[in-house]
Engineer: 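Got a structure here, written out as structure tokens. Questions coming.
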Amino acid sequence: MFSVQRLLKPRINLLRRRGPWPRLAPPKGNTGVQYTIMIHNRDKKEIIIDWCSFTIKGMTFSDILDAIKLDKLPFKPQKGNRGYQHKLNFCDQIAIQFGGREDMGVWVELNGEGCRTFEAESTMTWDDLFLWLYNTPSSHIARLDVACDDRDGCLDIDVLMESAQAGNYICRARKVRLVSSKNSRQADTANTIYFGGRQSGMIVRIYDEAAEQHVSGPWVRCEMELHNDSAGTFVELCCGDAVGNVYAGALNNYLRFVKPQADDANRSRWPTEVYWENFISSTERITLFTKKDDTYSLEKLEHQVVFQNGNAIAAYTEIFGWEELRNNIKNRTVRRNPKYDDLVTRYKLTHN
């Protein structure tokens with residue numbers, strides 16, 4: 001049985017890395033942590049990487065791009081920020097910054113879409129990248145977002161909101177925030193619970209992903225945002241253990257929902273809620289990173305154009321007119337993201 005105490009208690013404050021990382025060899029056979037395409041997931045649970053940011057000293061940006069197998073992407077040169085003089089940007093998904101002080105190194109940042117691009121374009125897997133970072137002495141992981149999608153109903157966002165409002169949880173963070181939001185396209189309110197802050201090195205977000213994505217059915221995402229030592233130690237542990245064990249251990253050591261006891265006012269002695277135990281135990285069984293199936297659809301295109309960029313488009317056409325917009329788009333020099341080409345191709349195949 002997996003022991004949270006055995007794995008993580010010696011590492012408090014929250015996954016703190018101590019001393020230099022030892023060298024590891026790549027796992028032999030299929031025993032290491034691997035990701036795979038899981039379009040039909042029997043367990044209806046998957047773990048994905050949704051943000052990855054790190055710095056490397058003593059290497060050039062081209063060396064790093066070669067190492068992580070993204071050297072073929074058409075990056076666009078831009079002015080750097082946060083102390084860096086230069087920046088390479090790919091579709092606002094992946095940024096490489098360099099030209100800062102010697103002790104700053106090269107900064108690589110992949111946002112959510114950038115993580116999907118890494119999965120699609122690089123020949124490396126996440127475990128390959130983690131192992132490379134682990135074995136690179138000058139590496140520093142600034143941020144890592146690790147999310148578990150629960151689609152089998154273990155977690156009910158309304159129940160979690162009620163428990164959080166009532167204080168029926170034990171968390172290492174003092175800062176807790178509950179947010180409810182709704183827009184014109186949402187029939188239901190999207191609820192989010194935040195535990196912790198960046199100063200503590202770890203934030204846990206639990207939210208209704210089904211409402212966020214405008215789809216039906218149970219889909220709750222529990223996401224850990226790890227910073228600095230917490231992120232580094234998560235990577236270290238993933239190089240020697242299944243990702244489900246590491247994720248479940250880190251999460252349950254940080255947060256658990258408890259069932260109130262009328263005869264005991266001490267929350268630390270309250271039993272863990274069954275739904276939380278079920279979620280943790282089912283997450284432990286995940287041994288593979290998931291390469292997220294994130295096919296770009298007509299619905300996502302409409303949402304991006306109309307609801308995200310609609311106001312800007314409306315203002316532009318009122319000032320310059322539709323013909324000017326059409327000409328500027330037709331003659332633009334920015335290379336189109338491959339996901340748009342794929343969408344156009346699929347649309348033509350099904351409508352001809």
Side-chain angles (χ1 to χ4, degrees), residues 4 7-18 47-55 81-83 95 97 104 107-112 114-115 133 139-150 155 157-181 189-209 211-212 220-238 243 246-258 267-268 270 272-273 276 279-280 283:
V4 173
L7 177 64
L8 291 176
K9 274 198 172 180
R11 302 181 183 275
I12 304 300
N13 178 21
L14 294 176
L15 301 167
R16 184 169 299 280
R17 182 177 114 192
R18 300 182 185 277
I47 291 178
I48 65 171
I49 303 300
D50 214 32
W51 196 289
C52 184
S53 175
F54 58 88
T55 59
N81 53 35
R82 298 190 181 182
Q97 301 213 55
M104 294 171 63
W107 177 23
V108 180
E109 186 164 55
L110 297 82
N111 62 19
C115 291
L133 290 169
S139 70
H140 172 76
I141 303 171
R143 175 178 170 181
L144 186 71
D145 290 9
V146 189
C148 180
D149 284 339
D150 171 39
L155 301 181
I157 193 63
D158 294 328
V159 172
L160 293 170
M161 288 285 284
E162 291 176 5
S163 294
Q165 287 173 336
N168 297 333
Y169 61 85
I170 296 173
C171 183
R172 292 189 176 274
R174 295 181 179 179
K175 186 177 181 180
V176 179
R177 185 162 57 98
L178 284 69
V179 177
S180 295
S181 60
T189 300
N191 294 318
T192 305
I193 313 171
Y194 297 86
F195 294 91
R198 288 181 173 85
Q199 295 78 9
S200 67
M202 182 171 178
I203 302 171
V204 171
R205 286 184 293 271
I206 307 176
Y207 56 95
D208 188 350
E209 183 71 357
E212 292 280 345
V220 173
R221 174 169 291 183
C222 185
E223 184 172 46
M224 296 190 300
E225 179 182 322
L226 306 169
H227 290 264
N228 300 316
D229 284 349
S230 299
T233 302
F234 190 94
V235 167
E236 176 186 355
L237 295 174
C238 281
V243 61
V246 180
Y247 176 93
L251 179 62
N252 204 44
N253 189 57
Y254 185 78
L255 168 70
R256 66 185 178 96
F257 288 88
V258 293
R267 281 187 303 172
S268 65
W270 291 358
T272 303
E273 285 280 10
W276 191 251
F279 175 69
I280 293 296
T283 302

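All residue numbers in this chain count up from 1 along the given sequence.
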Engineer: Please report the closest heavy-atom contact between Met104 and Arg82, naming both atoms and the distance.
Structural biologist: CE-O, 3.4 Å
Engineer: Is the distance between the ring centroids of Phe195 and Tyr169 under 6.0 Å?
Structural biologist: yes
Engineer: Mind checking whether Ile193 and Leu160 have side chains closer than 4.5 Å, heavy atoms only?
Structural biologist: yes
Engineer: Run the numbers on Ile47 and Thr283 for side-chain contact (heavy atoms from CB on, under 4.5 Å), then give the verdict.
Structural biologist: CA-CA 8 Å; Ile47 291 178; Thr283 302; 4.1 Å; yes
Engineer: If you look at every heavy atom in Asn253 and Arg172, which pair is closest and at what distance?
Structural biologist: O-NE, 2.9 Å
Engineer: Check whether Ser53 reaches the backbone of Glu109 with its side chain - one donor and one acceptor, N or O, closer than 3.5 Å.
Structural biologist: no
Engineer: Once you round to the nearest 0.5 Å, how far does CG of Asn191 lie from OG of Ser180?
Structural biologist: 4.0 Å
Engineer: Are Asn252 and Trp276 close enough, and set up right, to give a side-chain contact (heavy atoms from CB on, under 4.5 Å), and what steps lead you there?
Structural biologist: CA-CA 9 Å; Asn252 204 44; Trp276 191 251; 3.1 Å; yes
Engineer: Contact between Tyr194 and Lys175 at the side-chain level, heavy atoms closer than 4.5 Å - yes or no?
Structural biologist: no
Engineer: Please tell me if the side chains of Ile206 and Leu255 come closer than 4.5 Å, counting only heavy atoms from C-beta onward.
Structural biologist: yes
Engineer: Please determine if Arg205 and Asp145 form a salt bridge, counting it only when a charged side-chain N lies under 4.0 Å from a carboxylate O.
Structural biologist: yes
Engineer: Looking only at heavy atoms, which two atoms of Ala173 and Gly196 are closest? And how far apart?
Structural biologist: CB-CA, 3.3 Å
Engineer: Quick one: are Val204 and Met202 in side-chain contact, heavy atoms under 4.5 Å?
Structural biologist: yes
Engineer: Can any side-chain N or O of Tyr254 pair as donor or acceptor with the backbone N or O of Met224 at less than 3.5 Å?
Structural biologist: no
Engineer: Identify the heavy atoms of Arg256 and Ser268 that sit nearest to each other, and give their distance.
Structural biologist: NH2-O, 3.4 Å
Engineer: Do you know the tightest heavy-atom contact between Cys115 and Cys52?
Structural biologist: SG-N, 4.1 Å
Engineer: Atom OG1 of Thr192 and atom CE of Met161: how far apart are they, to the nearest 0.5 Å?
Structural biologist: 7.5 Å
Engineer: Say whether, by atom type as modelled, one donor and one acceptor occur between the side chain of Gln97 and the main chain of Asn81 under 3.5 angstrom.
Structural biologist: yes
Engineer: Shortest non-hydrogen contact from Gly167 to Arg267?
Structural biologist: O-NH1, 2.7 Å
Engineer: With rounding to the nearest 0.5 Å, note down the distance linking CD in Glu162 to CD1 in Ile157.
Structural biologist: 11.0 Å
Engineer: Show the numbers, then the answer: is there a salt bridge (charged side-chain N to carboxylate O under 4.0 Å, His left out) between Asp50 and Arg221?
Structural biologist: CA-CA 11 Å; Asp50 214 32; Arg221 174 169 291 183; 3.6 Å; yes
Engineer: Going through the distances and angles, do Leu251 and Cys222 end up as a side-chain contact (heavy atoms from CB on, under 4.5 Å)?
Structural biologist: CA-CA 9 Å; Leu251 179 62; Cys222 185; 3.7 Å; yes
Engineer: Any chance you could lay out the side-chain contact (heavy atoms from CB on, under 4.5 Å) test for Cys238 and Tyr247, step after step, and finish with the verdict?
Structural biologist: CA-CA 9 Å; Cys238 281; Tyr247 176 93; over 6 Å; no
Engineer: To the nearest 0.5 Å, what is the distance between CG on Leu226 and CH2 on Trp51?
Structural biologist: 14.0 Å
Engineer: In Å, rounded to the nearest 0.5 Å, how long is the span from CG of Leu144 to OG1 of Thr233?
Structural biologist: 11.5 Å
Engineer: To the closest 0.5 Å, what do you measure between OG1 (Thr272) and CZ (Phe279)?
Structural biologist: 14.0 Å
Engineer: Indicate whether the side chain of Asn168 and that of Trp270 have a donor and an acceptor atom separated by less than 3.5 Å.
Structural biologist: no
